[in-house]
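This structure is a prediction, so every number in the text was calculated from the model and none was measured.
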Amino acid sequence: MEPSASLGKYGSYGFDRFWIEELKRYGSDVWEQSYLGPTEKRFMKVWLQDAGFVDRKGNPTTLFQMLSADPYISDNTIASIAWVNLCYNSPLVRWAVYSMPYSEVSREEIAELMARTETPDDTPELPLEKRKVLSRLLMQSVENCFYKLYFIDIKERDGKKVLTTTICKAEDIDATAFLYALYRGAETEGAYEMTLSQLQQAAEMFSGQSLAQVAQSMSKPVFLSPLKMFPMTTNETKRLLRGLHITYHDFMYVELIYDLDNIYLNRSKTSLDVIDYAVRKSLKMHDREKEL
């Protein structure tokens, strides 16, 4: 899927978890059978395409079909996987994750942060009104879907809604989505061997850039560190990686002893294999519970 740098492609709609429910209910027929209006459906398709859930024709992707095959899958897992894909495909989400500082930020402050924040260059600055619309869409998206990711939320400050971000504990991160993110990065740049230090350095790739600068970078495939998608301390990251090493032993091997912090991904596996394995494992577990 080729990401689009367009900053007007979402119209006036933020990401809404109800769209995922509609896609589950109707599948490819959602565009005819859902009662949503034609304008909302238009931008719903754009968002779901960037999330990796529908193709250009609006049909559910293999990824979404896999996720839908597990009736027990959590909303958090689905939202986390969508979050990963939006980091790769949406300039708005990529900017929010990799350039916006972690803090409590109001819509007005987000619009200010979207402007150029480093030494001026050839990147055109977005008009204030455009930035105000995009800041609202970002807040809507978090409030209507991604607040379940634990580290990102909407709260109130002085009577106004603010977007808040925090550092997470390993057990609060969706491990399947984190491993999926590692494989997405590997598939993008062929980076199947890495160190924890490299993941930490890559997390600062777009630090301090304006939204327009981040949008311009969308045409070049880059490895995006999951440590920005799912922010943790070094110790918490090591805990998660060790857990993945045990749970997904066919997918990754880690050395986290003394001065070694090596991470090895299985070159014969893909990001879709991660999801397929997680779904099959979940279904088997629930089948065994029914037998008891």
Side-chain angles (χ1 to χ4, degrees), residues 3-23 34 36-54 75 78-80 82-117 123-166 206 208-218 228-229 231:
S4 167
S6 172
L7 291 170
K9 60 181 177 178
Y10 303 127
S12 59
Y13 289 87
F15 197 104
D16 195 325
R17 68 181 180 275
F18 179 68
W19 297 341
I20 297 175
E21 296 169 7
E22 289 287 272
L23 187 62
S34 174
L36 298 174
T39 302
E40 182 171 355
K41 286 179 182 177
R42 173 188 168 193
F43 295 112
M44 166 186 169
K45 184 181 292 185
V46 176
W47 272 112
L48 291 180
Q49 185 177 327
D50 278 358
F53 290 167
V54 301
D75 289 344
I78 293 176
S80 296
W83 186 250
V84 172
N85 287 329
L86 287 169
C87 286
Y88 275 96
N89 299 320
S90 167
L92 176 59
V93 175
R94 183 182 293 189
W95 173 84
V97 172
Y98 288 90
S99 187
M100 191 177 73
Y102 289 120
S103 58
E104 293 188 357
V105 195
S106 68
R107 273 176 48 185
E108 293 78 9
E109 290 166 331
I110 291 173
E112 291 179 13
L113 287 167
M114 286 178 178
R116 186 178 294 117
T117 54
T123 307
E125 185 168 335
L126 289 170
L128 177 60
E129 288 307 311
K130 182 70 171 179
R131 286 185 271 127
K132 284 183 177 179
V133 170
L134 291 167
S135 64
R136 176 172 59 81
L137 299 191
L138 179 61
M139 295 280 279
Q140 283 181 355
S141 301
V142 172
E143 192 168 25
N144 291 337
C145 186
F146 299 112
Y147 70 92
K148 295 200 173 197
L149 299 188
Y150 298 103
F151 61 88
I152 191 164
D153 199 359
I154 298 289
K155 296 182 180 178
E156 280 205 4
R157 183 185 68 193
D158 300 327
K160 288 187 175 182
K161 289 183 178 180
V162 293
L163 186 151
T164 66
T165 51
T166 58
F206 298 105
Q209 291 191 13
S210 69
L211 177 56
Q213 288 171 318
V214 171
Q216 282 192 337
S217 74
M218 297 295 291
K228 270 292 192 179
M229 302 175 197

A.B. asks: Got a salt bridge between Arg157 and Glu109, using NZ or NE/NH1/NH2 to carboxylate O under 4.0 Å?
C.D. replies: yes
A.B. asks: May I ask you to decide if the ring planes of Trp47 and Phe15 are parallel, tilted or perpendicular, using 30° and 60° as cut-offs?
C.D. replies: perpendicular
A.B. asks: Determine the minimum heavy-atom distance between Asp50 and Lys9, stating which atoms define it.
C.D. replies: OD2-NZ, 2.7 Å
A.B. asks: Using side-chain contact (heavy atoms from CB on, under 4.5 Å), reason through Leu149 and Ser80 one step at a time and then give a plain yes or no.
C.D. replies: CA-CA 7 Å; Leu149 299 188; Ser80 296; 3.1 Å; yes
A.B. asks: For a quick test of reading the model, state the closest non-hydrogen atom pair linking Cys87 to Val97 and the distance between them.
C.D. replies: SG-CG2, 3.7 Å
A.B. asks: How about Phe53 and Ile20: do any of their side-chain heavy atoms sit closer than 4.5 Å?
C.D. replies: yes
A.B. asks: Could you go through the side-chain contact (heavy atoms from CB on, under 4.5 Å) check for Lys130 and Met114 one step at a time?
C.D. replies: CA-CA 10 Å; Lys130 182 70 171 179; Met114 286 178 178; over 6 Å; no
A.B. asks: Does some side-chain heavy atom of Arg131 sit less than 4.5 Å from a side-chain heavy atom of Ser210?
C.D. replies: no
A.B. asks: Give every residue pair that meets the side-chain hydrogen bond (donor to acceptor under 3.5 Å, both in side chains) criterion with at least one member in residues 133-145, sequence neighbours excluded.
C.D. replies: Glu143-Lys161
A.B. asks: State whether the side chain of Arg94 and the backbone N or O of Tyr88 hold a donor-acceptor pair below 3.5 Å, judged by distance alone.
C.D. replies: yes
A.B. asks: Can you measure from CG (Leu92) to CE (Met100) and round to the nearest 0.5 angstrom?
C.D. replies: 9.5 Å
A.B. asks: Please confirm whether the backbone N or O of Phe146 pairs with a side-chain atom of Trp83, one donor and one acceptor, at under 3.5 Å?
C.D. replies: no
A.B. asks: I'd like to check the side-chain hydrogen bond (donor to acceptor under 3.5 Å, both in side chains) partners of Ser103; sequence neighbours left out, ordered by chain and number.
C.D. replies: none
A.B. asks: Looking at Ser34, is its backbone amide N or carbonyl O close enough to the side chain of Lys41 to form a donor-acceptor pair, meaning the two atoms are under 3.5 Å apart?
C.D. replies: yes
A.B. asks: I would like to know whether Trp19 and Glu40 meet side-chain contact (heavy atoms from CB on, under 4.5 Å); could you show each step before the answer?
C.D. replies: CA-CA 10 Å; Trp19 297 341; Glu40 182 171 355; 2.9 Å; yes
A.B. asks: Identify the two heavy atoms, one from Ser217 and one from Phe206, that lie closest to each other, and give their separation to 0.1 Å.
C.D. replies: OG-CE2, 3.3 Å
A.B. asks: Side chain of Trp95, backbone of Gln213: donor and acceptor closer than 3.5 Å?
C.D. replies: no
A.B. asks: As an exercise, state the distance from CG of Leu113 to CG of Leu211, rounded to the nearest 0.5 Å.
C.D. replies: 11.0 Å
A.B. asks: Shortest non-hydrogen contact from Tyr147 to Arg17?
C.D. replies: CE2-NH1, 3.6 Å
A.B. asks: Report the residues that fulfil side-chain hydrogen bond (donor to acceptor under 3.5 Å, both in side chains) with Glu104, sequence neighbours left out, ordered by chain and then residue number.
C.D. replies: none
A.B. asks: If I take atom CD1 from residue Ile152 and atom OG1 from residue Thr164, how far apart are they, to the nearest 0.5 angstrom?
C.D. replies: 7.5 Å
A.B. asks: Kindly compute the distance separating CE (Met44) from CG (Leu23), expressed to the nearest 0.5 Å.
C.D. replies: 6.0 Å
A.B. asks: Could you pull out the closest heavy-atom pair between Ser99 and Val214, with the gap in Å?
C.D. replies: CB-CG2, 4.4 Å
A.B. asks: Starting at CG of Leu137, measure out to CD1 of Ile110 and round the result to the nearest 0.5 Å.
C.D. replies: 11.0 Å
A.B. asks: Write down the atom of Pro91, the atom of Ser6, and the distance for their closest heavy-atom approach.
C.D. replies: CG-O, 3.9 Å
A.B. asks: Go through it in stages, so that I can follow the logic: the residues are Tyr102 and Lys228, the test is side-chain contact (heavy atoms from CB on, under 4.5 Å), and I'd like the CA-CA distance, side-chain angles, deciding distance and then a yes or no.
C.D. replies: CA-CA 10 Å; Tyr102 289 120; Lys228 270 292 192 179; 3.6 Å; yes
A.B. asks: Output the distance between atom CG (Leu126) and atom CG (Leu7), rounded to the nearest 0.5 Å.
C.D. replies: 5.5 Å
A.B. asks: Do Tyr10 and Val133 have side chains that approach each other closer than 4.5 Å (heavy atoms only, starting at C-beta)?
C.D. replies: no
